[in-house]
Number of protein chains: 2
Amino acid sequence: MAKKQTRKQLIFEEAAKLFRDKGYLATSVRELADKVGLEPSSLYSHIKSKEEILQKICFDSAQKFIDGINEIEKLNATPSEKLKALIALHITIATEDSTSVTVFNDEWRHLSQDVLKEFLVLRRDYESRFKNIIKKGIELGEFKNINPSIALYTILTSVRWLHYWYKPGRQLSPTDIEKDICTLLIKGLKE
Amino acid sequence: MAKKQTRKQLIFEEAAKLFRDKGYLATSVRELADKVGLEPSSLYSHIKSKEEILQKICFDSAQKFIDGINEIEKLNATPSEKLKALIALHITIATEDSTSVTVFNDEWRHLSQDVLKEFLVLRRDYESRFKNIIKKGIELGEFKNINPSIALYTILTSVRWLHYWYKPGRQLSPTDIEKDICTLLIKGLKE
DNA sequence: GTCTATACGATGATAGAC
DNA sequence: GTCTATCATCGTATAGAC
C-alpha cells in the first residue's frame with residue numbers, strides 16, 4: 001500500500017533535495033519540474049504552490065521533534081537521562097531524515113507570514129519544554145548551574161552540523177556519533 | 001579620519017543587516033537602495049554588484065577568524081588553553097560583529113562559483129587548524145579520546161546561535177556567556 | 001553621484017486544448 | 001494530468017541626462 005511512490009511524493013522528495021542543496025529561494029519551479037520530468041505547469045496539478053512544499057517539510061519535521069519530546073517527557077527518568085534521550089532524538093532525526101531536517105533548520109524563514117507565525121509558536125514551545133528539562137536538572141543538582149538558555153541553545157545547535165557531515169556510508173554509525181556527542185556535552189572534552 | 005561614515009560604508013552596513021534578516025537572495029537591490037535613501041541605479045556608483053557586498057562580508061569575517069587562529073597558534077600554551085582561546089575568539093566575533101557573522105555563516109553559499117571555491121579553501125584550512133589543536137590535546141591525554149571531527153563541529157556550531165540570541169543590552173556579558181559555554185564544552189553539563 | 005528610463009531575463013503561476 | 005502558450009511581476013543592472 002505504501003509501496004508505490006506517487007508522483008506527488010516524488011515531487012516533494014526532489015524539492016526537499018533542491019531546497020537543501022541550493023536553498024528555497026534559489027530553487028525554481030522550472031528546475032524542480034525538470035527533476036521530476038514534467039513541464040513546470042504540470043506540477044500545479046499536484047501542488048498548490050511552491051510554498052506548500054516548504055510548509056509540509058517544515059511542519060512534518062517539527063512534528064517529529066514534538067512527538068519525540070512527548071515520549072521523553074512521559075518517561076519516568078532523571079533529567080540526565082531525558083537529556084540524553086533528547087540528544088539521541090536530534091541525532092536520530094538528523095541522520096535518518098537529513099534532507100528534511102536541513103530544510104527545516106535553514107529555510108523556515110521563507111514561510112509566509114501567517115504560517116511562519118504558527119511555525120515559530122511550535123518552535124518556541126519545543127524550546128521551552130527542552131529548557132525545562134535542563135532547569136529541572138540544575139534544580140536537582142544533576143547539572144552544573146549554568147544559564148539554561150545557554151545550555152539549551154548550545155546543545156540544540158551542536159547537533160546541527162550533522163546533516164552536512166553525516167553520510168550513511170561512513171565508518172561511524174549514528175550510535176557512535178551519539179556516544180561521542182553525549183560524552184562531549186555531558187561530561188566535557190577535558191579528560 | 002575614520003569618523004565620517006561614507007555612503008559606501010552605509011550601503012555595506014544596511015546590506016549586511018538585510019542579508020542577516022531576510023537572507024541574501026530575499027534582499028533586493030531596490031530594498032537596499034530604499035534603506036540608504038537612494039534610487040536603485042545610484043547604488044551602482046558605489047558598488048559593482050550585489051554580490052560584491054556579500055563577498056566583502058564573507059571574506060572580511062573569514063579574515064577575522066584566520067587572524068585569531070594565527071595568534072592562538074603562536075601562543076606557548078597547552079591545547080586546553082588554546083581551545084579556550086578559540087572558543088573565546090568565536091564568541092568575541094559573534095558578539096562584536098554579529099551581523100556580519102550571521103551573513104558569513106548562513107549566506108556564503110550564494111557566492112558565485114569561483115569566489116565560493118576560494119572561500120571554501122579558507123574555511124577548510126581554518127577547520128583543519130582547529131582540528132589539529134583538538135588532536136594534539138587528545139594525543140597528550142588532555143582531552144577525551146573522541147572523534148576529532150565530531151568534537152570540532154560540535155564546538156564550532158555550538159557557538160553559532162549566539163548572533164541570534166545575544167543582544168548587547170542583555171544581563172549577560174560576552175564574558176559571562178563565554179564562561180558558561182566553556183564550562184559546558186570542556187567540563188560538561190553534568191555536575 | 002544621482003536621477004529617470006529602461007533593458008531583459010527569470011520568476012511563480014494560470015488558461016485552456018487535449 | 002500533461003501539455004503549449006502566456007501572464008504579470010520582479011530581479012539585477014545599464015544608458016545617458018543633469
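Labels below follow one simple rule: chain letters A, B, ... track the order of the sequence lines, proteins then strands, and each chain is numbered from 1.
Nucleotide D/dT12 holds its C1' atom 12 Å from the CG atom of B/L32, rounded to whole Å. The distance from atom CG of B/D34 to atom C1' of D/dC10 is 15 Å, rounded to the nearest whole Å. Across the protein-nucleic acid pair, B/Q9 atom CD and C/dG1 atom P stand 13 Å apart, rounded to whole Å. For the pair B/K22 NZ and D/dC10 P, the interatomic distance rounds to 12 Å; values are reported in whole Å. Atom CD1 of B/I11 and atom P of D/dA13 are 13 Å apart (whole Å). Atom P of nucleotide D/dT12 and atom CD of B/E52 are separated by 15 Å, given to the nearest angstrom.
With B/D21 contributing its side chain and B/L18 its backbone, the two residues share no donor-acceptor pair below 3.5 Å. Counting only distance, with no hydrogens or angles, the side chain of A/S61 and the backbone of A/C58 share no donor-acceptor pair below 3.5 Å.
In this structure, the ring of B/F65 has its center less than 6.0 angstrom from the ring center of B/H90.
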Enumerate, atom names and distances included, each donor-acceptor pair closer than 3.5 Å involving a side-chain atom of residues 178-191 of chain B, sequence neighbours excluded.
from	atom 1	to	atom 2	distance (Å)
B/D180	OD2	A/N147	N	2.9
B/T183	OG1	B/K179	O	2.7

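Note: A/W165 and B/Y153 have tilted aromatic rings, judged against thresholds of 30 and 60 degrees for the angle between ring planes. Between A/F104 and A/F119, the ring planes are perpendicular. Angles over 60° get that label, and only those under 30° would be called parallel.
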Protein-to-nucleotide contact annotation, 5' to 3' order, nucleotides 5-18 of chain C [B base; S sugar-phosphate only; - none; under 4.0 Å, heavy atom]: B-----BBBBB---
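Of the candidates D/dC3, D/dT2, C/dT4, the closest approach to any side-chain atom of A/E39 belongs to D/dC3.
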